Amino acid sequence: IAAATLVLLRINRARATAAERNRWAEAVLTAHKRLETIFNGVPHYLAMIDAAFIITDVNERLCELYGKKREDIVDKHCSLDFTEHERICHTRIIEECFRSGTIVTQSDTRVDIHGKPYFFDISAIPLKGSKGEVDYVVQYAVDITEKKALTEKLIQAAKLAAVGQMSAHV
């Protein structure tokens with residue numbers, strides 16, 4: 001009877017450990033799904049890049065912009081696996097971010113995608129590991145193309161108004 005009791009205790013302990021592992025696995029899966037939903041729900045363009053300049057993840061919005069499937073971008077090198085006109089990474093600010101460990105921003109950056117000019121405000125955001133080293137950089141790009149076009153139209157309108165006022169005084 002004592003041996004059977006020991007066996008039952010071991011079985012119960014193993015069952016409790018397995019149930020706890022399952023709860024942790026479920027919690028991790030839930031957290032991953034939530035983060036993935038946020039990552040893909042952001043209305044801007046996101047790419048996660050490792051220290052070897054391999055693109056480890058992108059959001060759906062970035063895939064749509066470049067007209068590519070996720071698998072055509074992920075696990076590819078920032079510059080070696082893309083032509084100059086297809087490059088997704090802005091290596092200068094990513095390098096600076098890895099080096100400094102701080103957020104690096106570049107404003108009003110022109111990028112031609114499929115022959116069409118776009119303008120972006122781009123940030124490189126460091127993701128640090130448990131020891132404080134930068135493991136990944138998230139490239140966060142905001143499309144300012146329409147805003148820039150409206151600003152230029154306003155400037156042009158102001159110039160025309162000034163010329164009109166000058167000619168009215170003549």
Side-chain angles (χ1 to χ4, degrees), residues 25-164:
E26 185 65 32
V28 167
L29 184 62
T30 300
H32 176 75
K33 291 265 186 216
R34 287 179 181 160
L35 288 173
E36 186 176 53
T37 300
I38 291 167
F39 194 70
N40 284 322
V42 172
H44 305 294
Y45 308 100
L46 300 172
M48 189 160 54
I49 299 137
D50 69 12
F53 286 80
I54 303 297
I55 301 167
T56 59
D57 205 356
V58 293
N59 69 345
E60 291 170 1
R61 180 100 178 188
L62 187 101
C63 295
E64 291 167 6
L65 177 67
Y66 282 88
K68 293 182 177 288
K69 295 179 184 170
R70 188 177 178 281
E71 55 269 13
D72 295 334
I73 299 172
V74 172
D75 295 329
K76 303 285 193 280
H77 190 274
C78 280
S79 55
L80 300 177
D81 292 326
F82 297 98
T83 66
E84 189 174 330
H85 299 288
E86 292 182 314
R87 290 208 180 127
I88 291 166
C89 304
H90 297 273
T91 53
R92 191 193 62 73
I93 66 169
I94 294 168
E95 286 171 347
E96 176 65 21
C97 185
F98 272 113
R99 190 189 60 68
S100 70
T102 61
I103 296 173
V104 180
T105 302
Q106 182 176 314
S107 298
D108 203 16
T109 304
R110 180 185 169 125
V111 178
D112 290 326
I113 302 171
H114 303 299
K116 180 180 176 189
Y118 288 86
F119 292 87
F120 295 100
D121 286 341
I122 303 168
S123 295
I125 304 163
L127 296 180
K128 297 180 180 179
S130 60
K131 297 177 184 172
E133 72 285 354
V134 179
D135 290 334
Y136 298 92
V137 167
V138 173
Q139 179 180 279
Y140 183 89
V142 178
D143 186 352
I144 60 165
T145 306
E146 287 181 26
K147 179 182 171 185
K148 185 169 177 66
L150 287 172
T151 301
E152 288 178 9
K153 285 180 183 178
L154 284 171
I155 291 169
Q156 187 65 24
K159 286 179 182 177
L160 288 173
V163 168

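FYI, side chains are in, hydrogens and waters are out, and symmetry mates aren't considered; it's all heavy atoms of this structure. Everything numeric here is computed off the predicted structure, so don't read it as measured data.
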Student: Taking atom OH of Tyr118 and atom CD of Glu146, what is their separation to the nearest 0.5 Å?
Tutor: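 Spacing of OH (Tyr118) from CD (Glu146) equals 10.0 Å.
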Student: Is there a donor-acceptor pair closer than 3.5 Å between any side-chain N or O of Gln139 and the backbone N or O of Ile94?
Tutor: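 Not confirmed, Gln139 side chain does not pair with Ile94 backbone.
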Student: For Leu62, run the side chain to side chain contact (heavy atoms under 4.5 Å, CB included) check against Leu46, Val42, Ile88, Ile55 and tell me which one passes.
Tutor: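 Only one of Leu46, Val42, Ile88, Ile55 forms a side chain to side chain contact (heavy atoms under 4.5 Å, CB included) with Leu62, namely Ile88.
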Student: Hey, are the side chains of Ile103 and Pro126 touching, using non-hydrogen atoms and a 4.5 Å cut-off?
Tutor: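 Of all side-chain heavy-atom pairs linking Pro126 with Ile103, at least one is under 4.5 Å.
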Student: How many angstroms lie between atom NZ of Lys76 and atom CZ of Phe82, to the nearest 0.5 angstrom?
Tutor: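 These two atoms lie 7.0 Å from each other.
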Student: Salt-bridged, Arg61 to Glu64, with N to O below 4.0 Å?
Tutor: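 Glu64 and Arg61: not salt-bridged.
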Student: Given side chains that start at C-beta, do those of Tyr66 and Asp72 come closer than 4.5 Å, heavy atoms only?
Tutor: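 No, every pair of side-chain atoms sits at 4.5 Å or beyond.
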Student: So, does Ser100 use its side chain to make a donor-acceptor pair with the main chain of Thr102 at under 3.5 Å?
Tutor: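 Checking the backbone N and O of Thr102 against the side chain of Ser100, a donor-acceptor pair under 3.5 Å is found.
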Student: For residues Gly129 and Asp135, report the shortest heavy-atom separation together with the two atoms involved.
Tutor: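 So the two residues come closest at CA-OD2, 3.0 Å.
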Student: Between CG of Asn59 and OH of Tyr140, what distance do you get to the nearest 0.5 Å?
Tutor: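 OH of Tyr140 is found 9.5 Å from CG of Asn59.
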Student: Under 3.5 Å, side chain of Lys128 to main-chain N/O of Gly101, donor-acceptor pair present?
Tutor: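 Yes: the side chain of Lys128 pairs with the backbone of Gly101.
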Student: Measuring only between side-chain heavy atoms, which start at C-beta, is Asp57 closer than 4.5 Å to Tyr136?
Tutor: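 Asp57 does not reach Tyr136 side chain to side chain.
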Student: Are any of the side-chain heavy atoms of Glu95 and Phe53 separated by less than 4.5 Å?
Tutor: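 Yes; the side chains approach each other to less than 4.5 Å.
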Student: Taking the side chain as C-beta and beyond, is there a heavy-atom pair between Thr105 and Asp121 under 4.5 Å?
Tutor: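 When only atoms from C-beta onward are counted, Asp121 and Thr105 do not touch, as no gap falls below 4.5 Å.
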Student: Identify the heavy atoms of Thr56 and Val74 that sit nearest to each other, and give their distance.
Tutor: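 Looking at all heavy atoms of both residues, the shortest contact is O-CG1, 3.5 Å.
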Student: List the atom of Arg110, the atom of Phe119, and the distance in Å for their closest heavy-atom pair.
Tutor: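 What the structure gives for the nearest pair is CB-CE2, 3.7 Å.
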Student: For Ala141 versus Ile122, what's the shortest heavy-atom pair and its separation?
Tutor: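 Looking at all heavy atoms of both residues, the shortest contact is CB-CG1, 4.1 Å.
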Student: Test side-chain contact (heavy atoms from CB on, under 4.5 Å) on Val58 and Lys68 and set out the steps.
Tutor: CA-CA 11 Å; Val58 293; Lys68 293 182 177 288; over 6 Å; no
Student: In Å, rounded to the nearest 0.5 Å, how long is the span from CZ of Arg34 to CG of Leu29?
Tutor: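 It comes to 10.5 Å.
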Student: Closest approach of Thr145 and Pro117, non-hydrogen atoms and distance?
Tutor: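 Smallest heavy-atom distance, with atoms named: CG2-O, 4.0 Å.
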Student: Could you state the interatomic distance from CD1 (Ile125) to CE (Met48), rounded to the nearest 0.5 Å?
Tutor: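 CE of Met48 is found 12.0 Å from CD1 of Ile125.
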Student: Return the SG to NZ distance between Cys63 and Lys69, rounded to the nearest 0.5 Å.
Tutor: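 Going from the SG atom of Cys63 to the NZ atom of Lys69 covers 11.0 Å.
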Student: Can you tell me if Glu71 has over 12 outside heavy atoms packed within less than 6.0 Å of its CD?
Tutor: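 Enclosed.
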Student: What are the two closest non-hydrogen atoms of Arg92 and Gln106, and how far apart are they?
Tutor: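 Arg92 and Gln106 have their closest heavy atoms at NH2-OE1, 2.9 Å.
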